[in-house]
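What follows is one structure encoded as structure tokens, with my remarks underneath.
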Amino acid sequence: MGAEEVRLVSWNVNGLRAVWKKDFLESMERLGADVLMVQETKLQEPQLTPEMTAVNDSKAHWSFSTVKKGYSGVGAWTKTDPAAVRHGIGMPEFDDEGRILELEYDKFTLFNVYFPNGQQSDERLDYKLRFYDAFFAYANALKDKGRPVVICGDVNTAHNEIDLRHPKANAKRSGFLPVEREWLDRILSMGYVDTFRHLYPEEEKYSWWSYRFNARKSNAGWRIDYFYVSRDILDNGWIKGAWIDNDTFGSDHCPIGLDLVIP
DNA sequence: CGTAATACG
């Protein structure tokens with residue numbers, strides 16, 4: 001039997017109803033994902049349309065915020081049905097905002113996560129850091145049992161100076177604070193690989209640009225969307241490619257991807 | 001400035 005090629009794509013759509021009006025289906029087709037994961041859907045179940053839930057041959061999975069309307073939320077379209085789909089990590093404090101989808105496949109577990117933004121207040125920064133803590137405790141339990149783990153989504157932090165256009169000007173803003181950057185160090189030291197950076201150590205490529213000040217036009221961006229994999233996935237030679245697609249529009253983020261070859 | 005409901009990113 002031949003090896004199986006799998007394309008995983010992650011995209012913070014900043015409002016699913018908004019991108020839907022901006023050629024989303026066309027982008028989706030062009031991206032060619034086996035699993036397309038989206039963050040910030042900004043809707044609840046009653047606002048889903050039949051078109052959103054029935055895309056081609058894919059099955060749709062959703063997690064909604066139960067505490068705020070039109071806020072947060074993640075989703076995934078899967079061409080192959082996962083063996084199990086889970087919502088959240090069993091901690092209401094971190095599950096209520098609909099930020100986590102766990103798709104369990106035969107050979108690996110895939111997480112789609114919209115990590116909190118910490119810019120609103122000190123409380124939200126604290127929530128963000130505790131969310132990192134709680135989520136990775138959950139994911140590590142699987143990884144440390146020997147299960148290959150893929151984690152993708154909007155991490156809402158740029159790791160190093162290479163990961164944003166204006167590191168000096170943003171050194172004191174949430175999204176590039178030392179305490180947040182240290183958390184991204186910790187993710188690597190826990191045994192995950194930042195796939196894009198691993199393949200392209202010198203590349204200055206971003207996945208998010210503020211809507212203000214024509215930031216995308218001047219490429220004043222940040223790389224805050226990631227595909228992390230547990231080290232075994234790299235060591236076993238599953239990684240065929242990792243990419244950031246700056247040519248797809250419709251949101252303040254662009255899609256990112258991971259191509260795997262699974263024996 | 002943009003999304004989706006007056007807050008949040």
Side-chain angles (χ1 to χ4, degrees), chain A residues 10-25 27-28 36-49 51-53 62-75 93-101 112-132 135 152-159 163-167 169-177 179-181 183-184 206-226 244 246-256:
Chain A
S10 169
W11 191 8
N12 181 322
V13 293
N14 188 26
L16 187 61
R17 285 169 285 177
V19 288
W20 208 267
K21 301 173 198 160
K22 295 186 271 191
D23 304 321
F24 183 73
L25 280 173
S27 302
M28 193 169 178
L36 173 61
M37 289 157 281
V38 290
Q39 302 90 36
E40 279 205 272
T41 51
K42 295 190 174 184
L43 47 69
Q44 336 299 130
E45 187 146 32
Q47 291 149 332
L48 286 173
T49 65
E51 293 75 31
M52 291 170 180
T53 50
W62 309 98
S63 187
F64 307 104
S65 171
T66 57
V67 289
K68 243 174 274 181
K69 268 189 80 177
Y71 178 73
S72 187
V74 293
E93 181 186 11
F94 301 114
D95 297 345
D96 286 354
E97 295 180 359
R99 295 177 175 277
I100 303 170
L101 266 181
N112 175 22
V113 188
Y114 173 43
F115 289 89
N117 186 306
Q119 290 179 345
Q120 180 78 3
S121 62
D122 287 347
E123 287 72 24
R124 290 303 289 180
L125 175 59
D126 181 62
Y127 179 78
K128 175 182 182 178
L129 296 172
R130 290 186 296 107
F131 188 105
Y132 281 150
F135 171 76
C152 73
D154 179 357
V155 175
N156 255 317
T157 299
H159 189 190
D163 296 311
L164 72 168
R165 182 67 176 278
H166 297 298
N170 289 295
K172 292 180 176 175
R173 284 190 61 205
S174 175
F176 197 57
L177 293 174
V179 65
E180 298 171 311
R181 299 175 57 194
W183 239 109
L184 271 55
Y206 311 128
S207 65
W208 173 79
W209 305 260
S210 170
Y211 273 131
R212 306 182 200 193
F213 323 118
N214 268 318
R216 191 157 184 175
K217 205 170 202 174
S218 60
N219 198 25
W222 303 47
R223 192 174 71 95
I224 59 176
D225 300 271
Y226 302 83
I244 298 176
N246 282 353
D247 299 324
T248 294
F249 297 85
S251 162
D252 52 351
H253 294 249
C254 75
I256 64 169

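In the text below, chain A, chain B and the rest are named by the order of the sequence lines, each starting its count at 1.
Both the sub-6.0 Å distance and the 45° axial angle are not jointly satisfied by A:R223 relative to the ring of A:Y206. Relative to the six-membered ring of A:F176, A:R173 misses at least one condition, a distance below 6.0 Å or an angle of at most 45° to the axis.
Contacts of A:Q119 with the nucleic acid, taken as non-hydrogen atoms under 4.0 Å apart, are absent. Using a 4.0 Å heavy-atom distance criterion, A:K22 is classed as a sugar-phosphate-only contact. Looking at heavy-atom distances under 4.0 Å, A:K69 makes contact with sugar-phosphate atoms alone, never a base. Residue A:L16 is in sugar-phosphate contact alone, with no base atom involved, counting any heavy-atom pair closer than 4.0 Å across all strands shown. No engagement by A:F213 is indicated, since no non-hydrogen atom pair under 4.0 Å with the nucleic acid exists.
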Practice prompt. Please report the C-alpha distance between A:L125 and A:E180 in whole Å, then the side-chain angles of each, then the deciding distance to 0.1 Å, and finally whether the side chain to side chain contact (heavy atoms under 4.5 Å, CB included) criterion is met.
Written response: CA-CA 9 Å; A:L125 175 59; A:E180 298 171 311; 3.4 Å; yes
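Residues A:N156 and A:K21 each lie close to DNA chain B; by heavy-atom proximity, the contact nearer the 5' end of the strand is made by A:K21. Mapped onto DNA chain B by nearest heavy atom, A:G15 and A:R124 fall at different nucleotides, with A:G15 at the one closer to the 5' end.
Of the P atoms belonging to B:dT6 and B:dC1, the separation is 23 Å, rounded to the nearest Å.
Aromatic ring centres of A:F94 and A:F135 lie farther apart than the 6.0 Å criterion allows. No close placement of the A:W183 and A:F131 rings is indicated, their centers lying 6.0 Å or farther apart.
First and last contacts of DNA chain B with chain A, using any nucleotide atom under 4.0 Å from a protein heavy atom and ordered 5' to 3', fall at B:dC1 to B:dG9.
Comment: A:K21 does not engage A:E51 in a salt bridge, judged by the lack of any side-chain N to carboxylate O separation of less than 4.0 angstrom.
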